[in-house]
Amino acid sequence: MTDSPELASRRIAVIGAGIAGLSCAVHLQAAGLHPQVFDKSRGLGGRLSTRRGDTWQCDHGAQYFTARHPAFRVVVEAWVAAGMAAVWQPRLAVLGDASSHRPDPTLARYVGTPRMTAPAHALSQGLTLRTQSTISELRRTAQGWQLRSAETGWLDELFDAVVLALPAPQAGTLLAGHSAALSSVVGSVRMRACWAVMLRFDESVNLSFDAAFVNSGPLRWIARDNSKPARGGTETWLLHATTDWSDAHVEADPDTVTAALEQEFVRLGGTTATARAAHRWRYAEADAALAIGHAWEPVIQVGVCGDWLQGGKVEGAWLSGLALAQAITRPDTP
Ligand SMILES: Cc1cc2nc3c(=O)[nH]c(=O)nc-3n(C[C@H](O)[C@H](O)[C@H](O)COP(=O)(O)OP(=O)(O)OC[C@H]3O[C@@H](n4cnc5c(N)ncnc54)[C@H](O)[C@@H]3O)c2cc1C
């Protein structure tokens with residue numbers, strides 16, 4: 001909690017309710033500031049995401065997360081204790097050239113339970129959230145920052161600071177004309193696409209593993225989603241295409257993508273599904289994530305956080321949000 005009354009009265013707009021934005025908001029609120037979180041989606045979690053049908057579900061973004069940093073381990077252990085995450089112990093295989101990827105058998109792989117979004121919901125408790133708010137423009141006035149929402153136009157509230165917890169290109173759009181320094185940081189990172197295909201089956205697929213790193217062809221990862229803890233019994237497989245294939249097919253029709261990737265799954269020993277769906281992640285991952293944690297421009301009171309600033313994974317996103325919150329609440333910050 002901050003001792004500075006001036007700091008404590010500050011209202012911060014956090015744009016993006018993925019793990020980075022939520023982590024930043026949690027830490028700002030814990031320091032006594034007033035964050036308000038905006039997201040364009042109906043739900044929370046960003047790329048930590050689960051598609052749900054009547055009798056099935058499938059994680060189509062992040063597949064699992066690791067916890068190496070002591071601070072993040074504490075948080076993950078609390079999620080586990082609260083039933084919001086659990087260790088997933090899939091039978092793992094490597095298909096194709098096995099020498100290029102050796103999975104670490106000792107690594108604890110965590111998933112949200114009962115869905116991948118559970119950790120985001122855990123973080124969001126007690127925060128002020130506004131979903132279905134696509135922030136399309138920022139305006140700096142003498143009284144503070146004003147936000148324009150694509151759904152409702154210019155918002156009435158004014159904010160003392162703005163956090164952009166978005167993939168680099170989306171942060172870049174909002175920063176245009178406001179900060180050359182931050183624009184240069186976001187412009188230094190290229191984000192790659194990933195096509196995800198979810199396959200549902202009436203019967204168990206006869207493969208001897210639950211997940212596999214695929215080192216040849218258009219797929220890079222396949223997983224039996226219902227092998228994760230606390231999932232329903234419906235047999236569901238998730239396929240992720242490589243970034244090269246996904247970038248090359250980024251504007252392709254989802255049915256064409258689904259047919260091509262399902263065919264690959266069958267070639268790897270799988271069977272034809274009874275139902276299928278596709279999702280395109282246009283900004284799935286940074287080509288080469290930075291390791292600077294965050295970037296903060298104190299003169300205009302705008303900062304950026306996200307996985308692309310800290311290693312490119314769920315853990316990095318959480319650490320990045322923490323790092324930006326610490327920069328904002330540092331007493332010597334002008
Ligand atoms: C296919 C895939 C597989 C992955 N696999 C793994 C894995 O196995 N392990 C792992 O650790 N990580 C994995 N990741 C990466 C992981 O998902 C990310 O590192 C992490 O979720 C990023 O969190 P973030 O908060 O930085 O960004 P995001 O989760 O992208 O959050 C950004 C949020 O901003 C919102 N938003 C965007 N524009 C606007 C706007 N204009 N106005 C309002 N809101 C907006 C979005 O809706 C989103 O909720 C994977 C990602 C993908 C896509």
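In what follows, residues are counted from 1 in the order of the sequence shown. Atoms within a ligand are numbered from 1 in the order they appear, just like the ligands themselves. Everything numeric here is computed off the predicted structure, so don't read it as measured data.
- Residue, atom and distance of the protein heavy atom nearest to atom 32 (C) of ligand 1 are Ala165 O, 3.5 Å.
- Scanning both residues, Pro90 and Ala211, for their nearest heavy atoms gives CB-CB, 4.3 Å.
- We find that Arg224 and Glu235 are joined by a salt bridge, their nearest charged nitrogen and carboxylate oxygen being less than 4.0 Å apart.
- Heavy-atom separations between Ser49 and ligand 1 are all 4.0 Å or longer.
- Atoms of ligand 1 lying under 4.0 Å from at least one heavy atom of Ile15, given by number and element, are 42 (N), 43 (C).
- Arg42 places no side-chain N or O within 3.5 Å of a backbone atom of Gln132 that could act as its donor or acceptor partner.
- With ligand atoms numbered from 1 in the order given, ligand 1 contributes 37 (C), 38 (N) to contacts under 4.0 Å with heavy atoms of Gln170.
- The residue from Leu164, Leu166, Val14 that puts a heavy atom closest to atom 38 (N) of ligand 1 is Leu166.
- With a 4.0 Å cut-off on non-hydrogen atoms, Ser133 touches ligand 1 through its backbone and not its side chain.
- Between Ala196 and ligand 1 there is no heavy-atom distance shorter than 4.0 Å.
- Atom 41 (N) of ligand 1 has its closest protein heavy atom at Ile135 O, 3.0 Å.
- At a heavy-atom cutoff of 4.0 Å, ligand 1 is contacted by no atom of Leu22, backbone or side chain.
- Listed by number with element, the atoms of ligand 1 under 4.0 angstrom from any heavy atom of Ser41 are 47 (O).
- Heavy-atom contacts of Ala284 reach the following atoms of ligand 1: 51 (C), 53 (C) (cutoff under 4.0 Å).
- For ligand 1, the atoms lying closer than 4.0 Å to a non-hydrogen atom of Val314 are 10 (C), 11 (O), 12 (N), 16 (C), 19 (O).
- The nearest protein atom to atom 5 (N) of ligand 1, hydrogens excluded, is given as Ala62 CA, 3.3 Å; this is a heavy-atom distance.
- If you look at His240 next to ligand 1, the close heavy atoms, those under 4.0 Å, all belong to the side chain.
- Regarding atom 25 (O) of ligand 1, its nearest protein heavy-atom neighbour is Ala20 N, 2.9 Å.
- Near Gly306, with a cut-off below 4.0 Å to any heavy atom, the atoms of ligand 1 are 26 (O).
- Within the 4.0 Å heavy-atom cutoff, Ser320 does not count among the residues contacting ligand 1.
- Closest to atom 21 (O) of ligand 1, if we only count protein heavy atoms, is Arg47 CB, 3.7 Å.
- Between Arg130 and Asp39 there is no salt bridge, since none of the side-chain N atoms of the basic residue sits less than 4.0 Å from a carboxylate O of the acidic one.
- Of all atoms in ligand 1, listed by their number and element, those nearer than 4.0 Å to a heavy atom of Gly312 are 19 (O).
- Between Glu262 and Arg267, no side-chain nitrogen of the basic residue sits less than 4.0 Å from a carboxylate oxygen of the acidic one, so the salt-bridge criterion is not met.
- Remark: the Thr242 side chain and the Asp244 side chain contain no N/O donor-acceptor pair separated by less than 3.5 Å.
- Shown in contact with Gln63 at under 4.0 Å from a heavy atom are these atoms of ligand 1, numbered in order with element: 5 (N), 6 (C), 7 (C), 8 (O).
- A ring-centre distance under 6.0 Å is not found for Trp245 and His240.
- Considering backbone and side-chain N/O of Tyr64, one or more are found under 3.5 Å from N/O of ligand 1.
- For atom 33 (C) of ligand 1, the closest non-hydrogen atom of the protein is Asp39 OD2, 3.5 Å.
- When each of Thr236, Asp59, Thr50 is tested with Arg231 by the rule side-chain hydrogen bond (donor to acceptor under 3.5 Å, both in side chains), just one qualifies, namely Asp59.
- Close placement of the His279 and Trp281 rings is indicated, their centers lying within 6.0 Å of each other.
- Of all protein heavy atoms, the one lying nearest to atom 3 (C) of ligand 1 is Gly61 O, 3.4 Å.
- Of all heavy-atom pairs spanning Ala252 and Trp195, the tightest one is O-CZ2, 3.6 Å.
- Checked for salt-bridge contact, Arg220 and Glu285 meet the test: a charged N lies under 4.0 Å from a carboxylate O.
- Closest to atom 19 (O) of ligand 1 among all protein heavy atoms lies Asp307 OD2, 2.8 Å.
- The pair Lys313-Asp307 does not meet the salt-bridge criterion, since no charged nitrogen lies less than 4.0 angstrom from a carboxylate oxygen.
- For His178 and Trp145, the ring centers sit closer than 6.0 Å to each other.
- At under 3.5 Å, a nitrogen or oxygen of Lys40, whether backbone or side chain, sits near a nitrogen or oxygen of ligand 1.
- Using a 4.0 Å cut-off between a side-chain N of Lys or Arg and a carboxylate O of Asp or Glu, Arg190 and Asp247 qualify as a salt bridge.
- Of the candidates Phe65, Trp79, Tyr110, Phe72, Trp318 forms a ring pair (Phe, Tyr, Trp, His ring centres under 6.0 Å) with just one, namely Phe72.
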